[in-house]
Amino acid sequence: MYRSHYSKDVTKKDYNKSITVAGWIEDIRNIGSIAFVILRDRKGTLQLTVLKKKNPGLFEKLTSLSRESVISVKGVCKENEKVRNGYEILPEGVKVLSIAKTPLPLGVVDKVEADFDTRLDNRFIDLRKQKNQAIFTIRNAVIAAVHEYLRSQSFIEVHTPKIIASSSEGGTDVFKLKYFEKEAFLAQSPQLYKQSLMASGLDRVYEIAWYFRAEEHNTRRHLNESTAVDLEMAFINDEEEVMNVLENLVYNMWKRASERKNELKILDKEISVPELPFARIVYDEAVNKLQDRNSSIEWGQDLGTDDERLLGDIMKEKGTEFYFITKYPLESKPFYTMSEGEKYSRGFDLACKGVEIASGSQRIHDVKLLEERMKACNLNPKDFEFYLKAFKYGMPPHGGFGFGIERFLMKLLDIKNIRECILFPRDRTRLTP
RNA sequence: GCCCUGGUAGUGUAGUGGUCUAUCAUGCGAGCCUGUCGAGCUCGCGACUCGGAUUCAAAUUCCGGCCGGGGCGCCA
């Protein structure tokens with residue numbers, strides 16, 4: 001056995017007993033006749049204290065190891081007020097499981113901070129840092145909240161193909177790949193498939209989906225491979241029903257994150273749970289407000305980065321960090337978006353702190369209208385035959401949204417670079433690790 | 001795709017044509033030290049992104065490649 005206890009799981013009951021701990025050597029402080037070895041595991045750190053006089057061989061063995069080597073140590077757990085954990089371990093036996101090469105390409109607890117590029121090149125070490133462990137623990141918690149909430153609302157989790165024959169929606173660039181003798185693409189989103197499922201009777205579906213986008217953007221808020229909560233629901237009256245699911249989902253994710261006190265403390269963050277329902281602002285009103293603040297936005301345009309930020313400020317003055325922008329102009333939304341009158345659509349975005357984190361709509365379920373909209377958007381209905389077929393044999397009214405997980409984490413934890421929110425980011429130039 | 005900007009020891013940096021045998025910190029190695037927890041002290045190790053050009057002289061100026069960082073467009 002390599003481990004009987006994690007560092008944080010040791011309690012007073014374990015004092016004066018022999019326990020086994022395992023992990024990475026974070027630091028060795030050799031004072032001469034006594035040495036302190038800081039051992040790190042997933043839950044924190046603990047201190048091993050060795051006396052030279054008591055066990056010269058063990059002292060030599062431990063203090064000559066390199067930082068970040070992996071060991072398992074059996075020893076007596078002693079209460080000691082001088083130690084931060086309140087206890088220390090007096091080793092009796094050490095198993096060296098792996099010796100780390102020196103020098104490290106990246107220090108885990110060094111005083112000099114490395115560039116993000118260097119960190120990503122050595123991500124396996126970078127992820128040993130407490131802050132990064134905290135980010136991904138919270139990521140896990142919010143994804144758990146997604147499953148918990150959506151399943152409680154009768155949604156079922158689905159998985160749609162990522163290798164597809166035609167581009168999902170047009171608009172964005174897609175990655176091409178060889179599929180035996182054919183050409184195929186990586187899915188930019190599950191849009192067409194989750195809509196097809198609305199004709200299957202499954203009614204309410206969601207997917208933690210991969211998005212692959214070949215756009216050559218190079219910003220702190222874009223990835224070429226990202227994840228999203230993609231959802232679709234049938235028999236809706238209007239997009240308001242979809243927005244209602246979305247705001248409750250976000251609320252539950254935010255709430256679950258706020259319960260991760262330890263991780264939030266490590267990240268030096270306080271999270272206050274937003275109030276429901278979120279504010280709604282129609283697109284026209286948003287444009288008016290922006291124009292009042294000297295934005296050059298014109299009706300019909302999508303909000304630029306500055307506009308999004310400015311609207312975020314305006315809404316914050318009103319005391320809200322979450323808000324839906326509704327009734328977008330039809331021309332600025334994808335072909336499958338349900339129209340409302342001539343100019344408007346039933347499409348919406350959800351913004352948080354001045355950044356769009358989700359967008360959705362009621363969809364068109366009438367096949368004729370759908371084909372018309374495709375043509376209006378310069379798409380060829382022939383390229384979407386499998387999709388259109390699903391609308392011809394009984395398709396209920398439906399709607400849904402896509403909701404970026406990394407974007408959400410960025411806003412939740414006020415992280416500046418989206419790459420911090422995914423284990424191994426893929427961007428314009430990075431393909432490894 | 002467009003615009004701006006950078007590349008110096010393992011890591012992060014100083015350096016604006018000669019005084020660079022290249023600064024400092026951290027790291028690594030050796031030594032001293034019985035309560036460290038950003039341990040301390042002594043000694044040592046270790047670098048100018050690549051190719052070309054200008055010049056008596058280039059880390060420093062110019063051109064190109066490669067690799068980063070930031071902003072915009074677009075989006076999640």
Side-chain angles (χ1 to χ4, degrees), chain A residues 26-39 45-54 59 63-64 66-68 78 80-86 88 90 100-122 125-126 169 171-173 188-191 209-230 246 301-309 332-334 349-352 355-360 401-411 416-419 421-422 427-430 432:
Chain A
E26 189 162 283
D27 197 15
I28 298 169
R29 291 187 277 269
N30 184 352
I31 312 298
S33 299
I34 187 169
F36 308 98
V37 177
I38 309 302
L39 193 71
T45 58
L46 57 80
Q47 177 171 295
L48 311 170
T49 305
V50 253
L51 283 161
K52 196 178 203 169
K53 217 160 61 178
K54 215 171 159 188
F59 184 93
T63 55
S64 62
S66 52
R67 294 197 307 167
E68 297 303 317
K78 283 278 178 199
N80 191 333
E81 283 178 4
K82 289 182 212 160
V83 188
R84 280 189 184 152
N85 290 14
E88 62 191 347
L90 310 177
K101 239 180 97 179
T102 60
L104 295 164
L106 179 71
V108 177
V109 288
D110 284 5
K111 288 110 207 166
V112 283
E113 187 55 33
D115 284 350
F116 196 33
D117 193 49
T118 308
R119 289 173 45 207
L120 287 177
D121 283 341
N122 302 282
I125 295 181
D126 187 49
E169 318 168 24
T172 189
D173 293 321
Q188 75 176 75
S189 86
Q191 184 65 33
W210 288 102
Y211 284 11
F212 300 97
R213 299 190 175 178
E215 282 165 15
E216 299 190 14
H217 37 46
N218 195 358
T219 78
R220 293 181 305 177
R221 29 173 229 295
H222 287 95
L223 293 165
N224 291 290
E225 186 184 68
S226 68
T227 58
V229 181
D230 239 286
L246 177 54
Q301 290 178 336
D302 218 339
L303 274 61
T305 307
D306 288 342
D307 292 320
E308 281 188 359
R309 221 170 276 147
S332 70
K333 284 286 165 190
D349 283 355
L350 174 64
C352 172
V355 172
E356 179 188 333
I357 58 169
S359 82
F401 58 79
F403 171 24
I405 291 169
E406 289 82 19
R407 280 272 174 97
F408 174 85
L409 278 171
M410 248 180 124
K411 290 290 120 185
K416 296 281 186 304
N417 193 326
I418 197 164
R419 281 164 263 223
C421 301
I422 190 162
D427 61 31
R428 176 68 187 82
T429 49
R430 183 172 286 278
T432 57

_Sugar-phosphate only, base, or nothing, as touched by A:Asn80 at under 4.0 Å among non-hydrogen atoms_ = base

*Specify the separation, in whole Å, of atom CD1 of A:Ile38 and atom C1' of B:G38.*
12 Å

*Touch check for A:Glu308, heavy atoms < 4.0 angstrom, all strands: base, sugar-phosphate only, or nothing?*
base

*Grab the CD1-P distance between A:Ile125 and B:U11 for me, whole Å please.*
11 Å

_C1' atoms of B:A14 and B:C48, separation to the nearest Å_ = 13 Å

_Touch class at under 4.0 angstrom, heavy-atom based, for A:Leu51 against every strand present_ = base

_Does this structure show an ion pair linking A:Asp121 with A:Arg430, if we count only N-O contacts that are shorter than 4.0 Å?_
yes

*What integer number of Å spans the P atoms of B:U49 and B:U23?*
16 Å

*Taking CG from A:Asp115 and P from B:G70, how many angstroms apart are they, rounded to a whole number?*
10 Å

_What's A:Asn30 touching, base or sugar-phosphate or nothing? Going by heavy atoms closer than 4.0 Å._
base

Could you list the protein-to-nucleotides 6-9 of chain B atom pairs, N/O on both sides, closer than 3.5 Å?
none

*With a non-hydrogen cut-off below 4.0 angstrom, is A:Ala35 in contact with a base, only sugar-phosphate, or nothing?*
nothing

_Gap between atoms CD1 and C1', on A:Ile34 and B:G40 respectively (whole Å)_ = 16 Å

*Base, sugar-phosphate, or nothing: which does A:Thr219 touch, judged by heavy atoms less than 4.0 Å apart?*
base

*Are A:Asp349 and A:Lys333 ion-paired here, with the side-chain N under 4.0 Å from a carboxylate O?*
yes

*Scan A:Thr429 against the nucleic acid and name what it touches under 4.0 Å (heavy atoms): base, sugar-phosphate only, or nothing.*
sugar-phosphate

*At under 4.0 Å between heavy atoms, what does A:Leu223 touch on the DNA or RNA strands: base, sugar-phosphate, or nothing?*
base

*Quantified in whole Å, what is the P atom distance between nucleotide B:G7 and nucleotide B:C45?*
27 Å

*For A:Asp307 and B:C74, what is the distance between atoms CG and C1' respectively, to the nearest whole Å?*
14 Å

_Classify A:Asn417 by what it touches in the nucleic acid, base, sugar-phosphate, or nothing, heavy-atom distance under 4.0 Å._
sugar-phosphate

*Indicate, with a heavy-atom threshold strictly under 4.0 Å, whether A:Ala114 touches base, sugar-phosphate, or nothing.*
sugar-phosphate

_Sugar-phosphate only, base, or nothing, as touched by A:Glu406 at under 4.0 Å among non-hydrogen atoms_ = nothing

_For a quick check of understanding: with a heavy-atom distance under 4.0 Å over all strands, which category does A:Glu88 fall into, base, sugar-phosphate or nothing?_
base

*Take atom C1' in B:A30 and the same atom in B:U16, then report the distance between them in whole Å.*
39 Å

*Using a heavy-atom cut-off of under 4.0 Å over every strand shown, decide if A:Arg221 touches base, sugar-phosphate, or nothing.*
base

*Starting at CD1 of A:Ile28 and ending at C1' of B:G29, how long is that distance when rounded to a whole Å?*
14 Å

*Write down the distance between CZ (A:Phe212) and P (B:A76), rounded to a whole number of angstrom.*
16 Å

*If you round to the nearest 0.5 Å, how far is CD1 of A:Ile125 from CZ of A:Arg119?*
12.5 Å

*Just call it for A:Lys53: base, sugar-phosphate, or nothing, with non-hydrogen atoms closer than 4.0 Å on any strand.*
base

*Considering only atom C1', compute the distance from B:G6 to B:C74 and round it to an integer number of Å.*
26 Å

*Establish, with yes or no, whether the OP1 or OP2 oxygen of B:C33 is under 4.0 angstrom from a side-chain nitrogen or oxygen of A:Arg29.*
no

_Gap in Å between the two P atoms, one belonging to B:G73 and one to B:G29, rounded_ = 50 Å

*asked:* With rounding to the closest Å, how many angstrom separate the C1' atoms on B:A47 and B:A59?
replied: 10 Å

*Under a cut-off of 3.5 Å for both distances of each Watson-Crick or G-U pair, what dot-bracket string does RNA chain B give, using [ ] for crossing pairs and | for inter-strand pairs?*
(((((((..(((.....[.....)))((((((.......))))))...(((((..]....))))))))))))....

*Quote, to the nearest angstrom, the C1' distance that separates B:C33 from B:G70.*
48 Å

